[in-house]
Amino acid sequence: MLDFRIETFLKVCEYMNFTHAAEALCMTQPAVSQHIKYLEEKYEAPLFIRDKKKLTLTPAGEILRSTLETMRNDETTMKNRMKESMIGKKILTFGVTMTIGGYTVIPSLIDFIKANPDMDFQVRYGNTQTLLSYLHEGSIDFAIVEGYFKADNYNTRVFKTEDYIAVAAKDHKFQKDIKVLKDLTDERLLIRENGSGTRAILTKSLAVKNLNVEDFPRTIEIENIHTIVDLLCRDCGISFLYKSAVEKEIESGTLKEIKLDDFKVSHDFTFLWNKDSAFSEDYEKIFDILKKSLK
């Protein structure tokens with residue numbers, strides 16, 4: 001349904017390069033330039049700033065990109081719902097980060113599934129940046145994330161505010177007396193990969209104390225939160241995690257929270273979808289249901 005020149009514009013936004021966009025679209029570069037010129041004349045505003053070989057969006061271009069991406073994603077959702085109407089079945093596709101999907105959202109999801117026995121669900125797991133890319137391409141309806149994002153691009157609701165803590169095995173022997181965050185920099189650190197919300201919170205928290213991940217002499221980078229918890233239980237290092245990910249282990253005495261005088265961190269888990277979506281009212285209702293069931 002979108003005009004073919006709109007598709008050209010979005011492809012240029014993706015690559016920020018006319019030549020690469022032309023190659024991806026199997027078009028000539030002059031044709032791409034003509035499409036962009038047409039849109040600039042139509043909307044009476046420049047869309048790109050051309051500085052030598054660097055291409056950036058103007059404020060007007062950013063507004064158009066955001067609006068058109070939402071329209072494109074809504075069109076994908078609309079097509080899916082039309083297909084669903086023909087087979088008499090609803091399908092809800094959404095994304096959750098590892099911590100949220102593995103721990104926090106489970107009680108709410110159980111209640112929601114039981115309340116909708118005729119609905120199919122597709123739950124996609126990924127780190128925050130991966131889920132944002134899924135939203136960007138329109139392959140999921142909404143996401144619940146723990147990391148940082150550009151709020152201007154989304155409608156957001158706070159799903160839960162969670163404590164973020166330092167954790168070690170109950171009988172872990174520290175290299176020195178531990179009082180403040182810097183005292184932990186002699187320990188082996190278990191961390192998530194770049195793009196993970198859990199990693200982003202740690203990076204920001206360390207920076208406040210003029211520290212970074214490289215200040216830890218030994219690190220193990222792991223993409224799976226469950227593996228990190230297992231390694232913690234086997235005393236393979238220390239880590240920083242949302243409390244819900246290790247609550248059972250702390251209660252059972254397998255793990256312990258490392259109390260620090262200068263580290264008190266909490267962060268929002270955010271329910272979000274593409275800004276100004278035509279289906280915003282549906283997502284609001286789903287949020288209300290999930291939030292109400294949160295335990």
Could you see if Leu64 belongs to whatever hydrophobic cluster contains Val32? Use Ile, Leu, Val, Met, Phe, Trp, Tyr and a side-chain cutoff under 4.5 Å. yes
Look at atom NZ of Lys264 and say whether more than 12 heavy atoms of other residues, nucleotides or ligands are closer to it than 6.0 Å. yes
Modelled atom types, side-chain donor and acceptor of Ser277 and Asp74, under 3.5 Å: yes
Return yes if some donor-acceptor pair links the side-chain N/O of Asn224 with the main-chain N/O of His226 below 3.5 Å, else return no. yes
Straight-line distance of Thr70 OG1 to Glu75 CD, nearest 0.5 Å: 13.0 Å
Spell out, as yes or no, whether a donor-acceptor pair under 3.5 Å connects the side chain of Asn73 to the backbone of Leu135. yes
Given Phe269, which of Phe159, Tyr242, Tyr164 fulfils the ring pair (Phe, Tyr, Trp, His ring centres under 6.0 Å) condition? Tyr242
Picking from Val229, Thr99, Leu255, what satisfies side-chain contact (heavy atoms from CB on, under 4.5 Å) with Leu241? Val229
Drop me the distance from Thr219's OG1 to Arg188's CZ, to the nearest 0.5 angstrom. 9.0 Å
Does Glu14, at its CD atom, have more than 12 non-hydrogen atoms belonging to other residues, nucleotides or ligands within less than 6.0 Å? yes
Give me the atom names and distance for the closest heavy-atom approach of Thr185 to Lys182. OG1-O, 2.7 Å
Kindly indicate whether the side chain of Ser293, heavy atoms from C-beta on, has any atom under 4.5 Å from the side chain of Phe112. no
What I'd like to find out is whether the side chain of Glu187 reaches to under 4.5 Å of the side chain of His172, using heavy atoms alone. yes
Side chains of Asn127 and Thr130 only: does a donor on one sit below 3.5 Å from an acceptor on the other? yes
Ion pair check, Glu7 and Lys11, cut-off under 4.0 Å: no
Any donor and acceptor pair, going by atom type alone, linking the side chain of Thr270 with main-chain N or O of Thr156 inside 3.5 Å? no
Please say which of Ile106, Ile140, Leu109, Ile144 ends up in a side-chain contact (heavy atoms from CB on, under 4.5 Å) with Val96. Ile144
What pair of heavy atoms forms the shortest contact from Phe263 to Ala166, and how long is it? CE2-N, 4.3 Å
Testing Gln175, Lys176, Arg218 for side chain to side chain donor-acceptor pair (under 3.5 Å) with Asp186, which one passes? Lys176
Measure the acute angle between the ring planes of Phe142 and Phe271, then classify it against the limits of 30° and 60° as parallel, tilted or perpendicular. parallel
At what distance, to the nearest 0.5 angstrom, does CZ of Arg65 lie from CD of Glu62? 4.0 Å
Check whether any side-chain N or O of Asp262 sits under 3.5 Å from a backbone N or O of Leu181 as a donor-acceptor pair, and report yes or no. yes
Write down the atom of Arg5, the atom of Leu39, and the distance for their closest heavy-atom approach. O-CD1, 3.5 Å
Using a 3.5 Å distance criterion without hydrogens, assess whether the side chain of Asp183 forms a donor-acceptor pair with backbone atoms of Lys179. yes
Straight-line distance of Asp111 CG to Asn116 CG, nearest 0.5 Å: 11.0 Å
dist Ser239:OG -> Ile191:CD1 (nearest 0.5 Å) comes out at 8.5 Å
Would you say the side-chain atoms of Asp230 pair up with the backbone N or O of Cys233, donor to acceptor, closer than 3.5 Å? no
Between Arg72 and Leu10, what is the shortest heavy-atom contact and its length? NH1-CD1, 3.7 Å
Side chain to side chain, Leu272 and Leu132, heavy atoms closer than 4.5 Å: yes
Taking the side chain as every heavy atom from C-beta outward, state whether Ile238 and Phe174 have any atom pair closer than 4.5 Å. yes
Does some side-chain heavy atom of Met27 sit less than 4.5 Å from a side-chain heavy atom of His35? yes
Between Lys248 and Glu251, is a salt bridge (Lys or Arg N to Asp or Glu O under 4.0 Å) present by the stated rule, with each step listed? CA-CA 5 Å; Lys248 290 182 179 179; Glu251 289 177 357; over 6 Å; no
Using 0.5 Å steps for rounding, measure from the CE atom of Met98 to the CD1 atom of Ile222. 12.5 Å
Student check: side-chain heavy atoms of Phe94 and Ile286 closer than 4.5 Å: no
Under a 4.5 Å side-chain heavy-atom rule over Ile, Leu, Val, Met, Phe, Trp and Tyr, are Val180 and Leu202 clustered together? no
So Tyr148 and Lys204, do their side chains get closer than 4.5 Å, heavy atoms only? yes
Flag for Gln122-Thr93: side-chain donor and acceptor within less than 3.5 Å: yes
Given Glu146, which of Thr97, Thr104, Thr128 fulfils the side chain to side chain donor-acceptor pair (under 3.5 Å) condition? Thr97
Closest non-hydrogen contact found for Tyr125 with Gly102 is CE2-N, 4.1 Å
Using the six-membered ring wherever Trp is involved, compare the ring planes of Phe48 and Phe9 and label them parallel, tilted or perpendicular (cut-offs 30° and 60°). tilted
Keeping the roles fixed (side chain from Tyr134, backbone from Gly95), state whether a donor-acceptor pair exists under 3.5 Å. no
Under 3.5 Å side-chain donor-acceptor pair for Ser266 and Asp163: no
Donor-acceptor contact below 3.5 Å, side chain Glu40 vs main chain Leu47: yes
Any idea which heavy atoms bring Ala245 and Ile225 closest together, and the distance? CB-CG1, 4.4 Å
Okay, side chain of Thr198, backbone of Arg192: is any donor-acceptor separation there less than 3.5 Å? no
Main chain of Asp276, side chain of Asn155: is a donor-acceptor contact present, judged purely on distance under 3.5 Å? yes
Side chain to side chain, Lys243 and Tyr103, heavy atoms closer than 4.5 Å: no
